[in-house]
Amino acid sequence: MKGFTLWFTGLPCSGKSTLARKVEETLLERGVNVEVLDGDEVRENLSKGLGFSKEDRDTNIRRIGYVCKLLSRNGGVAVAAAISPYKAIRDEIREQHQRFVEVYVKAPIDVLKDRDVKGMYKRALAGEIKHFTGVSDPYEEPDKPEIIVETDKETVDESTHKIIRTLELMTYIPGVDAESEYSDEEEEKIKRRLKDLGYI
Amino acid sequence: MAFKLFKRDKKKACVVGLDGVPHSLLTSLIQQGVMPNTQRIVQCGVLRSMTVTLPEISSVSWSTFMTAKNPGEHGIFGFTDLKEHSYELRFPSFRDLKTDTIWDRLGRAGLQSIVINQPSTYPAREIPGVLIAGFVAIDLMRAVYPRKYMALLTRCGYQVDIDTAACRDNPRQLFSELASLLECRQTVTDELWKKEDWHLMEVVITGTDRLHHFAWDAYEDAAHPHHGDFLDYYRQVDAFIGHIHDRFVADGGNDNFFLLSDHGFCGTQLEVYINTLLEENGFLSFEGDEGLESISADSRAFALDPARIYIHRKDRYPRGGVDESDVPSIKRALTSMFEAVTHDSTGDKIVRRVFDGGEVYSGPHAHQGPDLLLIPKNGYDLKGRVGAKTVVGERRLQGMHTWDDAFFYSGRQDLLSATEELTIFDVPGKVLRSLDVDA
């Protein structure tokens, strides 16, 4: 299987991380090597110290895009879950990839405000948080994402199914099929381990 | 996720497997004060020695434990078998198990199991709950059900086994890898404990078996440079047992706490090559050096590891020449020969017992098992190797399995009668009964 990048974009609290993890689980079930780069986690390490100005946001997204490119060109599935508000940068990342799937995680801002358990929207609306996407910073919707999930109308399972089904139809991932018992390579390894322990 | 309290309407049970830990070693380490947690725990229930199914190896014993069936029913007779009507070796997998497991039975009763590092469950398949396969799992991705837990295992740096090739002759690496393997096993156990609703938690420690194979001499010789390391590993195992037990009790568990091993262990003095013995006594000959593939048509018997004797039947093997009517007399002749074998230097009788496969196995697959099974005197490690020049050779490993020194501990005293002679076959039924499920 060739690698690819699955890029989740959407407003804060739209469900990007939840869906990314759910898709990760499903891909692992299929035996696919997958790595998730979650925006919040990346800001704690790879992009530690960056702020939320447009320049810093672009730098952060470029870094995530670069790691995704390395992972996917080596046969893995890179799943990015980041707000990535600016269309131009997302398109720039797409250009660097051979196989890129954009997932727009869509939900009305009123729903997101209600969903926001950390109260960030409330604080942003009160002016306590600057550069908050959707309130004090813009979010540019994708023109032609490969997949749109509407998390105010779909359950997590429904959205996940939609994403997985699209990937199957694009032949980016294999369908569910039966696995063989032992490959020749596995059989050799088993033989060696049994010999090491004196069982053969 | 909110902390889960045990639901009072469903019982829970917890099983810790200690691969290859003899009853005699466990009680000795308890008496020496090496395993204070285990001592505290076993004082509350019943600790007994037990025999295991034949042959006395993990794949067969654990398959018996996980199915509550004998090999004639579950169909696993060893780590190896011959392909049908062939002399080519094959390696039976979890998919060769011919009957359902206790986890399937619990599932039908609405109960979930978490099973960690269970040998002979590779490739993992769906069970009602979570399964992380143990030895001989190669690809971790195929060792896990459901696969969503790959992410957890990867984060924990989970490994199925130590690097046996590297550790075999490198004690420093052996003890280091054993310690870190047990640490990650505990981390994963803790994570799954809180992530899942479960009724049976089963985790198997296999490092004990590896330790015994590679460093049994370090235990027997108090002056051995790694004697302290050996005991330290058991201190870590003891801490693990104590941790699991105390967590089970703290979470509202009851007496349904069980410990068991799948076979015993003892030190190896010499290796004994059964096929060479068969050759020397006229039961076996070869027409080339391709191993069993070169077996001659007039051979009457051959052995597979560890000491499984097969009659070279006409209807079962490509060059087999033995008629079914001759099988009883050949078995008698073989039994007499094996019972008479002594070691030239010591005069020891090498074979302690000869079992007839027809008597120890029952069920629809019993005919696929060996015709005879040998139990050696402790110290004489019986091997099915083909091509050895002499019947007796130098040991390559420090420890070997034993059949009758495994152990079982039950926190439920009512599940064992005072006079019951235990075999591993009896254990799964007791675990099921502790959860009010019919055995």
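Reminder, nothing fancy here: chain letters follow the sequence lines and each chain counts from 1.
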Going from CZ on B:Phe79 to NZ on A:Lys191, what distance comes out if it is rounded to the nearest 0.5 angstrom?
-> 16.0 Å
Kindly compute the distance separating CG (B:Leu89) from CD1 (A:Ile200), expressed to the nearest 0.5 Å.
-> 6.5 Å
Please name the pair of heavy atoms, one in B:Pro146 and one in A:Glu29, separated by the smallest distance, quoted to 0.1 Å.
-> CB-OE2, 3.1 Å
Region of B:Pro92 in contact with chain A, defined by heavy-atom distances below 4.5 Å = backbone
Between A:Arg193 and B:Val136, is any pair of side-chain heavy atoms under 4.5 Å apart?
-> no
Any B:His213 side-chain heavy atom under 4.5 Å of A:Asp196 side chain = no
Per-residue contact mode, B:Tyr149 against chain A (heavy atom under 4.5 angstrom) = neither
Crowded around A:Glu35 CD? As in, over 12 foreign heavy atoms under 6.0 Å?
-> no
Spacing of B:Arg168 atom CZ and A:Leu197 atom CG [to the nearest 0.5 Å] | 8.0 Å
In Å and rounded to the nearest 0.5 Å, what is the CD to CZ distance from A:Glu187 to B:Arg90?
-> 9.0 Å
How about A:His97: does its NE2 atom have over 12 heavy atoms from other parts shown lying under 6.0 Å from it?
-> yes
Take atom CD of A:Glu158 as the centre, draw a 6.0 Å sphere, and report whether it contains more than 12 heavy atoms from other residues, nucleotides or ligands.
-> yes
A:Asn33 and B:Met141: which non-hydrogen atoms are nearest, and at how many Å?
-> OD1-CE, 3.8 Å
Nearest heavy-atom pair of A:Glu24 and B:Ala151: which atoms, and what distance?
-> OE2-CB, 3.8 Å
So what's closer than 4.5 Å to chain A heavy atoms on B:Asp209: side chain, backbone, both or neither?
-> side chain
Verify the neighbour count for atom CG of A:Asn45: are there more than 12 heavy atoms of other residues, nucleotides or ligands below 6.0 Å?
-> yes
In terms of heavy-atom pairs under 4.5 Å with chain A, which of B:Asp381, B:Leu397, B:Val144, B:Thr80 leads?
-> B:Leu397
With side chain to side chain contact (heavy atoms under 4.5 Å, CB included) as the test, would you mind laying out the steps for A:Glu185 and B:Ile138 before giving the verdict?
-> CA-CA 10 Å; A:Glu185 188 186 351; B:Ile138 299 294; over 6 Å; no
Tell me, side chain or backbone of B:Thr164 under 4.5 Å from chain A's heavy atoms, or both, or neither?
-> both
Under 4.5 Å to a heavy atom of chain B? For A:Lys195 that would be backbone
After noting the C-alpha distance and the side-chain angles of A:Tyr182 and B:Asp139, does the key distance pass the side chain to side chain contact (heavy atoms under 4.5 Å, CB included) rule?
-> CA-CA 10 Å; A:Tyr182 293 144; B:Asp139 178 2; over 6 Å; no
